[in-house]
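Report on the structure given below.
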Amino acid sequence: MRLTIKLFMATAFVFFGVICHAEDPVSLAVWEREPYVGQHLEDQGYAIKVLRAAFQEAGLDVNLTFQPLPRARESAIQGIVDGYFPLIIHTEDDEDFLLSDPFPGGSIGLLKKKDSKAKWPSPPPRTLPEIQTALKGYRLGLVSGENINKLFENTRGIRKDFVRTDLNNLDKLFRGRIDFTYMDKYTAADLIVLQRPHMIGSLEFIEPPLLNVRFQVGFPRNKSNHFLLWQKFNVGLQLLKENGKLDQIMAEHGFGPNSIAALPQTVLTIGTVNNAEMKVIKELSREFLKLHPDIQLNWRVMNENTLRRRLLSDFAISDGRFDVITIGTYETPLWAEKGWLVPMVNLSDEYDVNDIFETVRNSLSYKDTLYALPIYAESSMTYYRKDLFAQAELVMPDQPTWHEMREFAARLHDPDNGVYGICLRGKPGWGENITIISTMVNTFGGRWFDPGWIPQLDTKPWLKVFLLYKELLSHYGPPNVTHNGFNETLKLFADGKCAMWVDATVAAGLLFDPNQSRVHDKVGFSSAPIGTVVRGANWLWSWALAIPSSSRNRYAAQAFITWATSKGYIEMVGKTNGWVSVPPATRQSTYEHEEYRKAAPFSDFVLQAIQTADPVNQTLEPSPYTGIQLVAIPEFPSIGRAVSLNVANMLERKMTAEEALRESQQLILRQMKDSGYYQ
């Protein structure tokens, strides 16, 4: 059967090539359905990446137009576009559209409040009559006009409560005005994380789901090429399924099955960030598996924004997908306080926890107990090209100011020769563009909140920072800056395209590594820039490994985490990949190692930056929060993401700096009021 399919594909591509040229893009109208499809999601969402990849397998590019659902469908019917997406699978024939083969699109079921008096049978009901019987006498929240409501049509005894949006139902569920709501699991999780963070951990999704959704592309039958495009997409999708790319795309976006089929080994599902250090851990984990043949590792490697959203959404609805998670100094104490993490206790003498720097231990602790073990720690610093500064007869001060950085950027900006005056993170995300903006605000005398938790984005320091940040990246930065986060900007500098870069100290090991950097012998470094005050310029962060309390494999998870953060692991990285690239700033023994000090001329500088970073006294005026580049409250991921999107809109000239700040101020006020900070 498999051979027959492959022969068909090969024949089909030859036939298709005669009719449709590879340079002709497919035009699709798409409607946003977060977290699967969205203009501000990574790759515009998991489903869009699948869509592009399937057509790419068939030799076609795709042009997308985001529209509301009714308009997207109408654009396709009128022939303005070649199809619309996502179409949720249904069994009926569609007289207007030829529907593609399906691919996974989510799980729809019931949510309830954890402390609700509403009970769900155990074992859970499986058949429709059993489900309807279990709901009798309860209040069920539904969204008006949704096709998925058909499950509850013509049922008696269920008190159906219709509202306009899923968010309305979550609010009613949280307040006890309904007993259950029926919606997509990850839509619920993301709404909670991004708009109702005070609800995180209070709701649960009842397994198994009542409906597994599939996505399809609808090709309008009145277009002459509809059958051809339908065939090409289906062939490409089948290839994605066969070569494993569909599963890979799902994993990159944090989706996939909750558990792996029963195996003789313990399976640890690891949710982690796609940075260089975690890639090395994944590569070297073969050594861990030799020591633990009874354990298997299931890796979910995601970009920073996606990882944070998926981890929080996991807690939001008590999903329990991961055994090991990669978190930082923001999440660890907050999540430990809520009981979401397993304490890191009973560590062996060989692990030598006291070898970890005290500042790093404290940042990953709650009530003097460690809840995560550090992969590496970082502060911030300025990187610059010594050769370009020498050619321009410029001297980088030991402590530059942001105004000096602007002057240097103007002098060094040479886009005709592929060199940009300054590179900074521009990608939306509270851990991306907001990271650098927060430290800029600190050092220009600003703060996120006053002592009464009133946001301060309508003050002069914020406006100064937004205008300066916009000027730097618009006039002296690389193109498409809103696509550049840490990893993308690191590559730009390593490829010799940036005269200066202000970012994490962890990048030093990569930029000085001749195997990873074209400018390894031309890199200079200095302190992170300041504005009008010294406070808050150096951030403090650590990526660390932790165990969620929902894990059923705690012993195996701790064995992996202690291996990946041990002195022995650091020694192995040094011998395998070179001492300049070992995980920095976590252990005293690393900085006492002669080979590391010889390979890393920046080591003392980085260590001082981390040890002098002060997350308590980071603002000129009093603030009610701790954190340098963040605010240590549960609402910050929601607030930070929203502001970061306004920053991106400002860079893309969709908003002025004043408009971006005004809208950000208002949305934070609403968020804080919803969370109960004030009436």
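Starting from 1, each residue takes its place in the sequence as its number.
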* To do: Taking the six-membered ring of Tyr678 (Phe, Tyr or Trp), confirm whether the NZ or CZ of Lys673 is under 6.0 Å from its centre and within 45° of its axis.
  => no
* To do: Find out whether the Lys NZ or Arg CZ of Lys464 is both under 6.0 angstrom from the six-membered ring centre of Phe444 and within 45° of the ring's axis.
  => no
Residues [X] and [Y] bridged, charged N to O under 4.0 Å:
| X | Y | answer |
| --- | --- | --- |
| Asp161 | Lys172 | yes |
| Arg139 | Asp179 | yes |
| Arg308 | Glu331 | yes |
| Asp190 | Lys185 | no |

Is there a side-chain contact between [X] and [Y] (heavy atoms, below 4.5 Å)?
| X | Y | value |
| --- | --- | --- |
| Trp340 | Leu334 | no |
| Phe486 | Lys427 | no |
| Thr181 | Leu110 | no |
| Phe152 | Leu140 | yes |
| Gln618 | Ser623 | yes |
| Gln132 | Leu135 | no |
| Gln558 | Leu347 | yes |
| Leu457 | Ile668 | yes |

* **Sole residue of Trp462, Tyr625, Trp453, Trp430 in ring pair (Phe, Tyr, Trp, His ring centres under 6.0 Å) with Trp448** => Trp462
* Asked: Do other residues, nucleotides or ligands put more than 12 heavy atoms under 6.0 Å from the NZ atom of Lys49?
  -> yes
* To do: Decide if atom CG of Asp115 counts as having more than 12 heavy atoms of other residues, nucleotides or ligands within a radius under 6.0 Å.
  => yes
Can you check whether [X] and [Y] have ring centres sitting under 6.0 Å from each other?
| X | Y | answer |
| --- | --- | --- |
| Trp31 | Phe85 | no |
| Tyr371 | Trp335 | no |
| His253 | Tyr36 | no |

* Keeping the roles fixed (side chain from Ser542, backbone from Ala544), state whether a donor-acceptor pair exists under 3.5 Å. => no
* Determine, step by step, whether Lys114 and Ser318 satisfy the side chain to side chain donor-acceptor pair (under 3.5 Å) criterion, reporting the C-alpha distance in whole Å, the side-chain angles of both residues, the deciding distance to 0.1 Å, and the verdict. => CA-CA 10 Å; Lys114 283 183 177 179; Ser318 307; 2.9 Å; yes
* **Identified side chain to side chain contact (heavy atoms under 4.5 Å, CB included) partner of Glu304 from the options Val273, Asn275, Asn487** => Val273
